Amino acid sequence: MSASSPAVPPPPSTSPSASPAHRSDATAWASLTALMLATFVAAANETVPAGLLPQLAGSFRISESWAGQMVTLCALGAGLGAVPLTVLMHRWSRRMVLVVALLGFALCNAVTAFSSDFVLTLAARFVVGLATGLAWSEIATYARRLVSPSRQGRALAFAMLGIPLALAVGVPAATTLGHLIGWRWVFGGLSACALILVGWMLLIVPEVANAPGDGKSDATLAPAARASVMDVLRLPGVRPVLAVVMLWVVAHYTLYTYIAPFLASSGMSERLATMLSVFGIFTLVGLWGIGLWVDRWLRRLALTALATFVVVIVAFGCWPTSWPVLMAGAVLWGLSFSGAPTILQTALGNAAGKHESVAQSMLVTVFNLSFAASGVLGGTVLATWGAAALPHVLLTLALAAWVVAFAARRHGFATRTPHQIATTR
């Protein structure tokens, strides 16, 4: 995998401020790699069905819009489960919470692989969504707390590398395997990967404190976390970031989930795997720059990424039958979305300060409920106006996301000084 991937920022070395105990570079590399692979499986849980809609629809004898609800149910579970499950398991060790989430991946993907009943499959997708939301609530904060404050952006970018890897490798590979050997083997493979990661987490990944350097236990901090949700929402910058999360995610995942019907409406359904691969590859390319620049140029990166996405939607809507335009759009789309999770999580973490854990669980909720809404929106557009109407519907959402980010110049998507970067905890 590393031999064929573009260079990414090296996993940063740990420091005493990142943990009560000193950790070697080898342990830091192994720990961040485990988190990266966990994000790979979590992202694959949510996105793999997008490349398998025709096979899923045929197997269960349903429409593609109904098959798309496998994406919706997973995202809905993640959105509804993130905050309550995090609070419920606050007395558990952080590593054990991730292990439980991975075991949930393994069990539910195995059920999906063997299920012949669509209702049971949707139930399994909802439960795997609960596990996915729990994982997303932990991974970002875990990665940032493994390292010193000045390296948190790079550590988070490396941990989030699993998302573009899932898009660049996982979804296209799943699409191809779905044609060759059947979609059930794809979910069986995801189950096996999760079990392997359970062993990795237990053997190698160290524990982290609930908050960097304060020595407090999860049990001590959880009551405050439960009481501070509304207070965190009132913090300057938090609401604009969450608004951008909602608008960007709905627009992006509506297009991504229903890209197969969109290409089919243009007579290019046979090029689905190619387009998904190009999109995924350029998310990898873009993430390299995000890891280097997110701590210093957060605002510029957010505005540029959203503006690029607007251009892509306009191009898809105006020239849907032009393969060169679609390929160029896939390149720009991949670059624009490559750093979205890192940009949004970094912006929210900066805005929330010491309340970062609460804020990140809120981001998971908004992100995944928006993901679920994208499945409903896409299915509605598909059934009402047809797939060709998708870009026209999504343009308003993408433009609104850019406007909100632009307006949040003082808080949320603000330019930070080198001193602010060095002192952020």
Side-chain angles (χ1 to χ4, degrees), residues 47 50-51 68 71 164 167-168 171 240 243-269 271-272 274-287 289-290 299-341 343-344 367 370-371 373-408 413:
T47 57
V71 176
L167 299 175
V171 175
V244 172
V245 171
M246 179 186 68
L247 294 166
W248 197 351
V249 168
V250 170
H252 165 76
Y253 278 108
T254 299
L255 184 59
Y256 188 85
T257 300
Y258 292 96
I259 192 65
F262 175 74
L263 290 178
S265 71
S266 303
M268 297 185 182
S269 56
R271 296 186 177 182
L272 172 62
T274 301
M275 189 166 184
L276 290 175
S277 296
V278 170
F279 169 82
I281 288 168
F282 279 90
T283 61
L284 287 171
V285 174
L287 189 62
I290 294 295
R299 178 173 176 79
R300 294 181 186 178
L301 290 171
L303 293 176
T304 301
L306 285 166
T308 302
F309 185 43
V310 169
V311 170
V312 169
I313 292 176
V314 170
F316 283 4
C318 293
W319 299 282
T321 60
S322 172
W323 181 239
V325 169
L326 292 176
M327 276 294 90
V331 170
L332 293 176
W333 187 14
L335 291 173
S336 68
F337 189 71
S338 60
I343 290 170
L344 295 170
F367 190 106
S370 300
F371 195 168
S374 74
V376 175
L377 175 62
T380 302
V381 172
L382 202 66
T384 306
W385 298 296
L390 284 170
H392 306 287
V393 174
L394 302 180
L395 179 59
T396 301
L397 297 176
L399 283 172
W402 187 91
V403 170
V404 173
F406 180 79
F413 297 95

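The basis for the numbers below is simple: all heavy atoms, side chains too, and nothing from hydrogens, waters or symmetry mates. Everything quoted here is computed from the prediction, not taken from an experiment.
- Distance check: Leu247 CG to Ser370 OG gives 8.0 Å after rounding to the nearest 0.5 Å.
- In plain terms, the two heavy atoms of Ala398 and Ala251 that are nearest each other are N-CB, 4.4 Å.
- Centroid-to-centroid, the aromatic rings of Phe337 and Trp333 stay 6.0 Å apart or farther.
- Leu382 and Pro261 get closest at one heavy-atom pair: CD1-CB, 3.7 Å.
- Taking the six-membered ring where tryptophan is involved, the planes of Tyr256 and His252 are essentially parallel, since the angle between them stays under 30° and well short of 60°.
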*Start with the C-alpha distance between Leu397 and Leu377, add both sets of side-chain angles, then the distance that settles side-chain contact (heavy atoms from CB on, under 4.5 Å), and finish with yes or no.*
CA-CA 12 Å; Leu397 297 176; Leu377 175 62; 4.2 Å; yes
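- Here the straight-line distance linking atom CD1 of Ile259 with atom OG of Ser269 works out to 12.0 Å at 0.5 Å rounding.
- Counting only heavy atoms from C-beta outward, the side chains of Phe279 and Met275 never approach each other to under 4.5 Å.
- Not a single donor-acceptor pair under 3.5 Å links the side chain of Thr304 to the backbone N or O of Leu301.
- Side-chain contact between Phe413 and Arg300 is absent, with no heavy atoms from C-beta onward closer than 4.5 Å.
- How far OG of Ser336 is from CZ of Phe282: 12.5 Å, rounded to the nearest 0.5 Å.
- Closest heavy-atom contact between Ala243 and Val404: CB-CG1, 4.2 Å.
- A distance-only check finds no donor-acceptor pair linking the side chain of Thr308 to the backbone of Leu332 [under 3.5 Å].
- For the atom pair OG1 (Thr47) and CG (Leu276), the distance works out to 9.5 Å, reported to the nearest 0.5 Å.
- Rounded to the nearest 0.5 angstrom, Phe316 CZ and Leu263 CG are separated by 8.0 Å.
- When every heavy atom of Ala388 is checked against every heavy atom of Pro391, the shortest pair comes out as O-CD, 3.5 Å.
- Put simply, CG on Leu394 and OH on Tyr258 are 11.5 Å apart, with the number rounded to the nearest 0.5 Å.
- Contact of the Val393 side chain with the Thr254 side chain is not registered, since no non-hydrogen atoms from C-beta on lie closer than 4.5 Å.
- Here the closest non-hydrogen pair linking Ala405 and Val244 is N-CG2, 3.8 Å.
- Contact record, Leu390 with Gly378: CD2-CA, 4.3 Å, taken as the closest heavy-atom pair.
- Of the possible donor and acceptor atoms, one in the side chain of Trp402 sits under 3.5 Å from a partner among the backbone N and O of Leu303.
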